[in-house]
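Chain A is the first sequence line, chain B the second, and so forth, proteins listed ahead of strands; every chain is numbered from 1. Predicted model, so just to flag it, every value in this text is computed and none were measured.
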There are 2 protein chains.
Amino acid sequence: MATMANLPHPERADLNLTSVLFALSDPERLEIVRQLRSGPMDMAECSLSVPDMPKSTKSHLMKVLREAGVIRNEANGRGRRLILRSDDLEERFPGLLLAVVGASVGD
Amino acid sequence: MATMANLPHPERADLNLTSVLFALSDPERLEIVRQLRSGPMDMAECSLSVPDMPKSTKSHLMKVLREAGVIRNEANGRGRRLILRSDDLEERFPGLLLAVVGASVGD
DNA sequence: CCCATGGTTCAACTAAAGTCGAACCATGGC
DNA sequence: GCCATGGTTCGACTTTAGTTGAACCATGGG
(Lines give C-alpha, C1' and ligand atoms only; values in the text may rest on other atoms or scores of the structure.)
Protein backbone atom coordinates (compact mmCIF):
# COMPACT_ATOMS: atom_id res chain seq x y z
CA MET A 1 0.00 0.00 0.00
CA ALA A 2 3.00 2.30 0.00
CA THR A 3 2.50 3.83 3.41
CA MET A 4 5.96 3.41 4.83
CA ALA A 5 8.01 6.15 6.45
CA ASN A 6 7.79 9.35 4.51
CA LEU A 7 11.20 10.95 4.53
CA PRO A 8 11.55 14.73 4.35
CA HIS A 9 12.49 16.32 1.03
CA PRO A 10 13.39 19.96 0.48
CA GLU A 11 11.09 21.89 -1.80
CA ARG A 12 12.24 23.06 -5.16
CA ALA A 13 12.54 26.67 -4.07
CA ASP A 14 14.73 25.67 -1.16
CA LEU A 15 17.34 23.85 -3.21
CA ASN A 16 20.76 25.22 -2.48
CA LEU A 17 23.49 25.18 -5.10
CA THR A 18 26.43 24.46 -2.85
CA SER A 19 24.56 21.63 -1.13
CA VAL A 20 23.73 20.09 -4.49
CA LEU A 21 27.32 20.43 -5.66
CA PHE A 22 28.53 18.86 -2.46
CA ALA A 23 26.13 15.94 -2.81
CA LEU A 24 27.41 15.38 -6.35
CA SER A 25 31.06 15.71 -5.37
CA ASP A 26 31.37 12.14 -4.18
CA PRO A 27 32.03 9.35 -6.72
CA GLU A 28 29.56 6.92 -5.18
CA ARG A 29 26.79 9.47 -5.01
CA LEU A 30 27.52 10.67 -8.51
CA GLU A 31 27.28 7.11 -9.76
CA ILE A 32 23.87 6.73 -8.19
CA VAL A 33 22.70 9.90 -9.91
CA ARG A 34 23.97 8.62 -13.24
CA GLN A 35 22.06 5.41 -12.84
CA LEU A 36 18.92 7.36 -12.06
CA ARG A 37 19.31 9.41 -15.22
CA SER A 38 17.41 6.82 -17.23
CA GLY A 39 14.51 6.66 -14.82
CA PRO A 40 13.50 5.68 -11.29
CA MET A 41 15.12 2.64 -9.72
CA ASP A 42 14.50 0.43 -6.76
CA MET A 43 17.13 1.15 -4.18
CA ALA A 44 17.94 -2.55 -3.97
CA GLU A 45 18.72 -2.56 -7.70
CA CYS A 46 21.15 0.29 -7.87
CA SER A 47 24.65 -1.10 -7.89
CA LEU A 48 27.68 0.64 -6.52
CA SER A 49 31.40 0.22 -7.05
CA VAL A 50 31.60 -1.31 -3.60
CA PRO A 51 29.36 -4.36 -3.89
CA ASP A 52 29.44 -5.36 -0.24
CA MET A 53 28.66 -1.93 1.14
CA PRO A 54 26.79 -2.10 4.45
CA LYS A 55 23.20 -1.05 4.13
CA SER A 56 23.63 1.70 6.71
CA THR A 57 26.34 3.26 4.58
CA LYS A 58 24.23 2.99 1.45
CA SER A 59 21.31 4.53 3.28
CA HIS A 60 23.52 7.40 4.30
CA LEU A 61 24.55 8.11 0.71
CA MET A 62 20.90 8.32 -0.21
CA LYS A 63 20.23 10.61 2.68
CA VAL A 64 22.82 13.13 1.53
CA LEU A 65 21.40 13.12 -1.99
CA ARG A 66 17.85 13.38 -0.70
CA GLU A 67 18.54 16.19 1.75
CA ALA A 68 20.29 18.16 -0.97
CA GLY A 69 17.21 17.72 -3.12
CA VAL A 70 18.92 15.66 -5.79
CA ILE A 71 16.74 12.57 -5.46
CA ARG A 72 13.42 11.55 -4.06
CA ASN A 73 13.23 8.48 -1.87
CA GLU A 74 9.74 7.04 -1.77
CA ALA A 75 8.32 3.99 -0.11
CA ASN A 76 7.53 1.26 -2.58
CA GLY A 77 6.34 -2.05 -1.24
CA ARG A 78 8.99 -3.52 0.95
CA GLY A 79 11.66 -1.36 -0.61
CA ARG A 80 12.40 2.17 -1.73
CA ARG A 81 12.06 3.84 -5.05
CA LEU A 82 14.68 6.41 -6.01
CA ILE A 83 13.80 9.22 -8.38
CA LEU A 84 16.13 11.84 -9.76
CA ARG A 85 14.61 15.31 -9.31
CA SER A 86 15.52 16.36 -12.83
CA ASP A 87 12.75 18.91 -13.23
CA ASP A 88 13.39 20.65 -9.95
CA LEU A 89 17.13 20.75 -10.57
CA GLU A 90 16.65 22.03 -14.10
CA GLU A 91 14.38 24.78 -12.89
CA ARG A 92 16.67 25.92 -10.13
CA PHE A 93 20.02 25.31 -11.83
CA PRO A 94 19.49 25.13 -15.59
CA GLY A 95 21.98 22.96 -17.40
CA LEU A 96 23.73 21.79 -14.27
CA LEU A 97 22.48 18.23 -14.16
CA LEU A 98 23.11 17.66 -17.83
CA ALA A 99 26.64 18.99 -17.52
CA VAL A 100 27.38 16.84 -14.51
CA VAL A 101 25.91 13.54 -15.60
CA GLY A 102 27.02 14.04 -19.17
CA ALA A 103 30.66 14.67 -18.33
CA SER A 104 33.37 12.09 -18.15
CA VAL A 105 34.35 11.87 -14.52
CA GLY A 106 38.05 11.76 -15.16
CA ASP A 107 39.52 8.92 -13.09
CA MET B 1 59.91 40.03 -12.95
CA ALA B 2 57.29 37.56 -11.93
CA THR B 3 59.58 34.80 -10.73
CA MET B 4 57.98 34.03 -7.42
CA ALA B 5 57.03 30.56 -6.24
CA ASN B 6 55.40 28.59 -9.01
CA LEU B 7 52.61 26.59 -7.50
CA PRO B 8 51.59 23.26 -9.03
CA HIS B 9 48.53 23.13 -11.23
CA PRO B 10 46.88 19.98 -12.59
CA GLU B 11 46.82 19.65 -16.35
CA ARG B 12 43.60 19.87 -18.26
CA ALA B 13 43.47 16.16 -18.93
CA ASP B 14 43.85 15.42 -15.24
CA LEU B 15 40.90 17.47 -14.10
CA ASN B 16 38.57 15.37 -12.04
CA LEU B 17 34.86 16.06 -11.95
CA THR B 18 34.22 15.23 -8.32
CA SER B 19 37.20 17.31 -7.21
CA VAL B 20 35.92 20.26 -9.20
CA LEU B 21 32.43 19.87 -7.79
CA PHE B 22 33.84 19.67 -4.32
CA ALA B 23 35.89 22.81 -4.81
CA LEU B 24 32.77 24.62 -5.99
CA SER B 25 30.60 23.28 -3.18
CA ASP B 26 31.75 25.89 -0.69
CA PRO B 27 30.09 29.33 -0.69
CA GLU B 28 33.33 31.25 -0.24
CA ARG B 29 35.08 29.40 -3.00
CA LEU B 30 32.10 29.70 -5.28
CA GLU B 31 32.07 33.43 -4.68
CA ILE B 32 35.70 33.68 -5.71
CA VAL B 33 34.95 31.80 -8.90
CA ARG B 34 32.07 34.15 -9.66
CA GLN B 35 34.29 37.17 -9.24
CA LEU B 36 36.82 35.64 -11.60
CA ARG B 37 34.16 35.11 -14.24
CA SER B 38 34.74 38.60 -15.61
CA GLY B 39 38.49 38.19 -15.87
CA PRO B 40 41.67 37.70 -13.83
CA MET B 41 41.96 39.44 -10.49
CA ASP B 42 44.70 40.23 -8.04
CA MET B 43 44.23 38.04 -5.02
CA ALA B 44 44.38 41.08 -2.78
CA GLU B 45 41.42 42.57 -4.64
CA CYS B 46 39.01 39.68 -4.43
CA SER B 47 36.61 40.34 -1.63
CA LEU B 48 34.93 37.72 0.44
CA SER B 49 31.87 37.69 2.63
CA VAL B 50 34.18 37.52 5.64
CA PRO B 51 36.18 40.73 5.34
CA ASP B 52 38.63 40.02 8.15
CA MET B 53 39.51 36.50 7.05
CA PRO B 54 43.05 35.53 8.05
CA LYS B 55 45.36 35.33 5.09
CA SER B 56 46.21 31.70 5.82
CA THR B 57 42.56 30.79 5.51
CA LYS B 58 42.20 32.73 2.30
CA SER B 59 45.31 31.10 0.94
CA HIS B 60 43.82 27.73 1.75
CA LEU B 61 40.64 28.49 -0.20
CA MET B 62 42.75 29.32 -3.20
CA LYS B 63 44.73 26.15 -2.79
CA VAL B 64 41.63 23.99 -2.95
CA LEU B 65 40.44 25.77 -6.09
CA ARG B 66 43.88 25.56 -7.65
CA GLU B 67 44.46 21.91 -6.87
CA ALA B 68 41.08 21.03 -8.32
CA GLY B 69 42.10 22.90 -11.48
CA VAL B 70 39.44 25.57 -11.19
CA ILE B 71 41.80 28.53 -11.04
CA ARG B 72 45.37 29.40 -11.83
CA ASN B 73 47.42 31.19 -9.23
CA GLU B 74 50.34 33.02 -10.76
CA ALA B 75 53.00 35.23 -9.28
CA ASN B 76 52.46 38.86 -10.16
CA GLY B 77 54.76 41.41 -8.63
CA ARG B 78 54.41 41.30 -4.90
CA GLY B 79 51.04 39.64 -5.18
CA ARG B 80 49.20 36.86 -6.93
CA ARG B 81 47.04 36.85 -9.98
CA LEU B 82 44.03 34.58 -10.04
CA ILE B 83 42.71 33.26 -13.31
CA LEU B 84 39.64 31.14 -13.85
CA ARG B 85 40.49 28.16 -16.04
CA SER B 86 37.37 28.57 -18.15
CA ASP B 87 38.76 26.95 -21.27
CA ASP B 88 40.09 23.88 -19.53
CA LEU B 89 36.89 23.44 -17.60
CA GLU B 90 34.76 23.90 -20.68
CA GLU B 91 36.78 21.33 -22.55
CA ARG B 92 36.63 18.73 -19.82
CA PHE B 93 33.14 19.46 -18.49
CA PRO B 94 31.17 21.32 -21.14
CA GLY B 95 28.51 23.61 -19.77
CA LEU B 96 29.39 23.01 -16.15
CA LEU B 97 31.00 26.32 -15.34
CA LEU B 98 28.27 28.30 -17.03
CA ALA B 99 25.59 26.39 -15.16
CA VAL B 100 27.34 26.88 -11.84
CA VAL B 101 28.28 30.52 -12.04
CA GLY B 102 25.09 31.42 -13.83
CA ALA B 103 22.79 29.89 -11.23
CA SER B 104 21.31 31.64 -8.27
CA VAL B 105 22.92 30.10 -5.23
CA GLY B 106 19.75 29.89 -3.22
CA ASP B 107 20.45 31.19 0.29
C1' DC C 1 0.65 -14.88 12.42
C1' DC C 2 5.39 -15.03 11.69
C1' DC C 3 9.34 -14.23 9.43
C1' DA C 4 12.50 -12.80 5.72
C1' DT C 5 13.42 -8.65 3.17
C1' DG C 6 14.92 -4.05 2.62
C1' DG C 7 15.51 -0.24 4.62
C1' DT C 8 16.05 3.85 8.47
C1' DT C 9 18.12 5.55 12.63
C1' DC C 10 21.26 5.80 16.39
C1' DA C 11 25.63 5.96 18.61
C1' DA C 12 30.38 5.47 18.56
C1' DC C 13 34.26 5.81 16.07
C1' DT C 14 37.57 7.23 12.21
C1' DA C 15 38.90 10.18 8.68
C1' DA C 16 38.90 14.33 6.25
C1' DA C 17 38.38 19.25 5.88
C1' DG C 18 38.44 23.95 7.72
C1' DT C 19 40.64 27.54 10.82
C1' DC C 20 44.25 30.31 12.13
C1' DG C 21 48.63 31.96 14.43
C1' DA C 22 53.39 31.88 13.59
C1' DA C 23 57.21 31.41 10.79
C1' DC C 24 58.95 32.24 6.57
C1' DC C 25 59.79 34.28 1.90
C1' DA C 26 59.93 37.19 -2.61
C1' DT C 27 59.10 41.39 -4.33
C1' DG C 28 59.06 46.44 -5.04
C1' DG C 29 59.86 50.93 -3.17
C1' DC C 30 62.58 53.93 -0.77
C1' DG D 1 70.21 47.51 2.01
C1' DC D 2 66.01 47.54 4.56
C1' DC D 3 61.43 47.14 5.30
C1' DA D 4 56.41 46.91 4.38
C1' DT D 5 53.37 44.15 1.53
C1' DG D 6 51.13 40.09 0.14
C1' DG D 7 51.36 35.86 0.11
C1' DT D 8 52.65 30.38 1.20
C1' DT D 9 53.45 26.74 4.46
C1' DC D 10 53.38 24.34 8.73
C1' DG D 11 51.43 22.53 12.82
C1' DA D 12 47.95 22.24 16.16
C1' DC D 13 43.43 22.36 16.83
C1' DT D 14 38.21 22.26 15.89
C1' DT D 15 34.66 20.89 13.11
C1' DT D 16 32.35 18.31 9.81
C1' DA D 17 31.68 14.20 7.14
C1' DG D 18 31.96 9.15 6.38
C1' DT D 19 31.62 4.26 8.21
C1' DT D 20 29.57 0.69 10.46
C1' DG D 21 27.13 -2.60 13.72
C1' DA D 22 23.10 -2.97 16.21
C1' DA D 23 18.51 -1.97 17.08
C1' DC D 24 14.39 -1.18 15.09
C1' DC D 25 10.43 -1.07 11.74
C1' DA D 26 6.98 -1.82 7.75
C1' DT D 27 5.87 -4.63 4.26
C1' DG D 28 4.49 -8.78 1.62
C1' DG D 29 4.36 -13.73 1.43
C1' DG D 30 3.65 -18.24 3.16
Side-chain angles (χ1 to χ4, degrees), chain A residues 1-9 16 18-32 35-36 40-68 70-83, chain B residues 1-9 16 18-32 35-36 40-68 70-83:
Chain A
M1 273 187 65
T3 41
M4 203 162 40
N6 267 6
L7 300 171
H9 294 79
N16 171 258
T18 53
S19 302
V20 168
L21 292 174
F22 181 78
L24 297 173
S25 73
D26 172 79
E28 300 280 2
R29 291 192 296 253
L30 183 55
E31 175 55 28
I32 292 165
Q35 291 183 26
L36 291 176
M41 286 183 75
D42 289 343
M43 184 167 160
E45 307 306 315
C46 82
S47 59
L48 298 172
S49 64
V50 182
D52 54 347
M53 178 180 289
K55 54 186 181 175
S56 53
T57 305
K58 193 171 178 181
S59 185
H60 180 66
L61 291 178
M62 301 306 176
K63 183 182 187 182
V64 174
L65 287 168
R66 173 177 53 82
E67 289 181 339
V70 176
I71 66 174
R72 284 191 194 283
N73 181 341
E74 299 180 349
N76 177 246
R78 261 179 298 199
R80 292 260 158 197
R81 191 146 198 83
L82 304 177
I83 304 157
Chain B
M1 270 188 66
T3 41
M4 202 162 37
N6 267 7
L7 300 171
H9 294 79
N16 172 258
T18 54
S19 302
V20 169
L21 292 174
F22 181 79
L24 298 173
S25 74
D26 173 80
E28 300 281 0
R29 292 193 295 254
L30 183 56
E31 176 55 28
I32 292 165
Q35 291 183 27
L36 292 176
M41 287 182 74
D42 289 342
M43 183 165 160
E45 307 307 316
C46 83
S47 59
L48 299 172
S49 64
V50 183
D52 54 345
M53 178 180 289
K55 53 184 180 175
S56 53
T57 304
K58 192 171 178 181
S59 185
H60 180 66
L61 290 178
M62 301 304 176
K63 183 182 186 182
V64 174
L65 287 168
R66 172 177 53 82
E67 290 181 339
V70 175
I71 66 173
R72 283 191 195 284
N73 181 342
E74 298 179 350
N76 177 245
R78 262 180 298 198
R80 292 261 158 196
R81 192 147 198 80
L82 303 177
I83 304 157

Query raised in the report: Where is the tightest heavy-atom contact between B/V70 and B/A23, given as atom of each residue plus distance?
Result: CG2-CB, 4.2 Å
Report task. Can you tell me the distance, in whole Å, between the CD1 atom of A/I71 and the C1' atom of C/dT8? Result -> 14 Å
Query raised in the report: Could you state the CG-P distance from B/L48 to C/dT19, rounded to the nearest angstrom?
Result: 11 Å
Query raised in the report: Any side-chain donor-acceptor pair under 3.5 Å between B/E28 and B/S49?
Result: yes
Report task. Using a 4.0 Å heavy-atom cut-off, write out nucleotides 8-21 of chain D from 5' to 3' as B (base contacted by protein), S (sugar-phosphate only) or - (no contact). Result -> BB-------SSBBB
Query - Residues forming a salt bridge (Lys or Arg N to Asp or Glu O under 4.0 Å) with A/R66, sequence neighbours excluded - result: none
Requested in this report: Rounded to the nearest angstrom, tell me the gap between atom CD in A/E74 and atom P in C/dT8.
Outcome: 13 Å
Report summary line: Whole-Å distance, B/L82 CG to D/dG7 C1', equals 11 Å
Query raised in the report: Under the salt bridge (Lys or Arg N to Asp or Glu O under 4.0 Å) criterion, do B/D42 and B/R80 qualify, and how do the steps go?
Result: CA-CA 6 Å; B/D42 289 342; B/R80 292 261 158 196; over 6 Å; no
Query raised in the report: Could you give the CG-to-C1' distance, from B/N76 to C/dA26, as a whole number of Å?
Result: 13 Å
Requested in this report: Send over the distance from A/R78 CZ to D/dT27 P, rounded to a whole Å.
Outcome: 12 Å
**Report entry** Partner set under salt bridge (Lys or Arg N to Asp or Glu O under 4.0 Å) for B/R72, not counting sequence neighbours
**Finding:** B/D88
Query raised in the report: More than 12 non-hydrogen atoms from neighbouring residues, nucleotides or ligands closer than 6.0 Å to NZ on B/K58, yes or no?
Result: yes
